[in-house]
Amino acid sequence: MPGFELIGKEEQEAVNQVFDDGGILFAHGFDGMRKNYHVREFEVLMAKHFDCSHALAVSSGTAAIKIALKALGVKSGDEVITQAFNFIATVEAILDAGAKPVIANVNETLNMDASDCESLITDKTKVLLPVHMLSVPVDMNKIMILAKKYNIKVLEDSCESVGAKYSGKYIGTIGHAGAFSFDFGKIITTGEGGMVVTNNPAVDKYTREYHDHGHENNPAFPRGKDTKSIFGFNYRMTEMQAAVGKVQLSRLNHIITENKLRYQMFEKNIPHSVKLRKIPDGSDPIYDTLIFFTESDNEKERYVRILTDEGFGTKNLPDAL
Ligand SMILES: *Cc1c(COP(=O)(O)O)cnc(C)c1O
């Protein structure tokens, strides 16, 4: 996940520019004093790049998941189905939205298994929350069929696979909403940060208001007299983060191309006896991680040792729960 490895002069200049332009670090207001609206520009660039109608910048990927769950109508007592191989943030966001996390198993893609997911659906299930883990898309066709059949919403946790595609579409834009993360370990970074993407105007309206204390940013009123119809919370992104984000976004395609070259080099040279993680048909991962299975713990430790000694970032993934 190399966004942070490429951070340099351009990102620094983007931050300096924010200060040279007057040092407005807040996304809204101060209209007479500012030259740019970096958060707003970052959102427009993101929506364009990912070919979706709405993108909302927020303070983290975890916040993006929680806000999107609320926008999809998740309330206390509801169930949200996510997957066994995961990062804790997904479950935290479900709990913070007041719902109960239900854990579906994963298959040989190491992402959500649709049949196991189906067996867990009850009349309390409000949202399916597949997670595109470590660069590889979930087999989304199967998940979307379930969503239709049972009339359930789908939120894609795309935090670890920003830029991956499934059936020619960017992941995050296939379900009813998607969550991206720009924390320091992700493919592009703003230090901390996240984004909610959606093609649904109602989801965008709710998330936009909720993440900003309910503000509607009504153009008829100054911010201090702004209209509100819901209460919310503060999950805003700063202008500094967005200034960095715009530069990082311009590097994304280059990063993916470079990742793919290295991935293919590994793939070609790996012994035939080693079983690689399955990649769903018709999907384009972002190739920042190559996952393979070993026969025994001994073999696993040997691979970890050899690769680590050779300077490759290597880890033994935790067993799926
Ligand atoms: C990183 C990550 C998140 C949360 O993102 P933060 O920006 O760190 O809050 C959520 N889900 C997955 C799968 C992640 O890897």
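Note that the coordinates shown come from a computational prediction; the quantities given were computed from them, not determined experimentally. Atoms within each ligand, like the ligands themselves, are counted from 1 in listed order.
For the pair Arg34 and Tyr37, the cation-pi test (distance below 6.0 Å, angle within 45°) is passed. Geometrically, Lys70 does not engage Phe233 in a cation-pi contact, judged by NZ or CZ lying under 6.0 Å from the ring centre and within 45° of the ring axis.
Here the heavy atom of the protein found nearest to atom 9 (O) of ligand 1 is Thr62 OG1, 2.4 Å. Looking from atom 5 (O) of ligand 1 to the surrounding protein, the closest heavy atom is Ser181 OG, 3.3 Å. Counting protein heavy atoms only, atom 15 (O) of ligand 1 is closest to Glu160 OE2, 2.6 Å.
When non-hydrogen atoms are compared, ligand 1 lies under 4.0 Å from the side chain of Asp157 (C-beta onward) but not from its backbone. Here Lys186 has side-chain heavy atoms under 4.0 Å from ligand 1, and that is the only part of it that gets that close. By the criterion of a heavy-atom distance under 4.0 Å, both the backbone and the side chain of Ser60 are placed next to ligand 1.
Atoms of ligand 1 found under 4.0 Å from any heavy atom of Ala89 (numbered from 1 in listed order, with element): 3 (C), 4 (C), 10 (C). Near Val131, meaning under 4.0 Å from one of its heavy atoms, ligand 1 places the atoms 13 (C). Less than 4.0 angstrom separates some heavy atom of Cys159 from each of these atoms of ligand 1: 2 (C), 3 (C), 10 (C), 11 (N), 12 (C), 14 (C). For ligand 1 and Ile65, the ligand atoms under 4.0 Å from any heavy atom of the residue are 10 (C).
When Leu134, Thr190, Asp183 are checked for heavy-atom proximity to atom 8 (O) of ligand 1, Asp183 turns out nearest. When Ala93, Gly193, Gly61, Ala64 are ranked by how near their heavy atoms come to atom 6 (P) of ligand 1, first place goes to Gly61.
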| salt bridge (Lys or Arg N to Asp or Glu O under 4.0 Å) between Arg223 and Asp226, intermediate numbers included | CA-CA 5 Å; Arg223 189 166 163 93; Asp226 197 7; 5.0 Å; no
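Between Glu118 and Lys149, at least one side-chain N (NZ, or NE/NH1/NH2) sits under 4.0 Å from a carboxylate O, which counts as a salt bridge.
A side-chain donor-acceptor contact under 3.5 Å links Asn86 and Thr82. With hydrogens and angles left out, the side-chain atoms of Glu156 and His132 include a donor and acceptor closer than 3.5 Å.
What you find for Leu290 and Leu276 is that their closest heavy atoms are CD2-CD2, 3.9 Å. Closest heavy-atom contact between Pro130 and Ile143: CG-CG2, 4.2 Å.
Heavy atoms of Ala179 stay at 4.0 angstrom or farther from ligand 1.
Taking the ring centroids of Phe42 and Phe182, they lie under the 6.0 Å cut-off.
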